[in-house]
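Data first, discussion second: the structure below is written as structure tokens.
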Amino acid sequence: MAGDFLLVAAVFLAVGLPAAAFPYRVSKLGERVDAIGSKTPNDEVEPAEWNVTLTRFVGVFMSALGVAYLFA
């Protein structure tokens with residue numbers, strides 16, 4: 001049972017920490033994936049400001065959940 005919490009904590013921290021620390025880069029990666037098949041060049045894709053902010057908040061939330069699962 002404790003191994004399950006450790007695995008969940010590791011996954012939440014592995015996803016949440018980069019999203020909280022580098023929200024622009026994570027958002028830009030998502031926009032590039034969304035632009036696959038589009039006529040817009042890959043280097044011209046930019047994430048919206050709300051997307052960067054949302055990515056930051058979700059990253060902080062997932063990191064907090066990961067830390068909570070570590071100590072559960």
At their closest point, which heavy atom of Gly66 faces which heavy atom of Ala9, and how far apart are they? O-CB, 3.3 Å
Starting from Val26, can I reach Ile36 by hopping between I/L/V/M/F/W/Y residues whose side chains sit under 4.5 Å apart? no
Do Leu65 and Val15 land in one hydrophobic cluster if side-chain heavy atoms of ILVMFWY residues count as linked below 4.5 Å? yes
For Ser63 against Leu13, the heavy-atom pair lying closest together: O-CD2, 3.6 Å
Which residue pairs pass the side-chain hydrogen bond (donor to acceptor under 3.5 Å, both in side chains) test with at least one member in residues 10-29, sequence neighbours excluded? Tyr24-Glu46, Ser27-Thr55, Lys28-Glu46
Would a single hydrophobic cluster contain both Val45 and Val33, if residues Ile, Leu, Val, Met, Phe, Trp and Tyr are joined by side-chain heavy-atom contacts under 4.5 Å? no
Shortest non-hydrogen contact between Gly59 and Ala19, atoms and distance: CA-CB, 3.8 Å
If a pair satisfies ring-ring contact (aromatic ring centres under 6.0 Å, His included) and one of its residues is in residues 34-68, list it, with sequence neighbours excluded. none
With sequence neighbours excluded, what pairs up with Phe12 under the ring pair (Phe, Tyr, Trp, His ring centres under 6.0 Å) test? Tyr69
With a 4.5 Å cut-off on side-chain heavy-atom distances among I, L, V, M, F, W and Y, is there a chain of contacts connecting Val8 to Met62? yes
Identify, with sequence neighbours excluded, every residue that meets side chain to side chain contact (heavy atoms under 4.5 Å, CB included) alongside Glu44. Thr40, Pro41
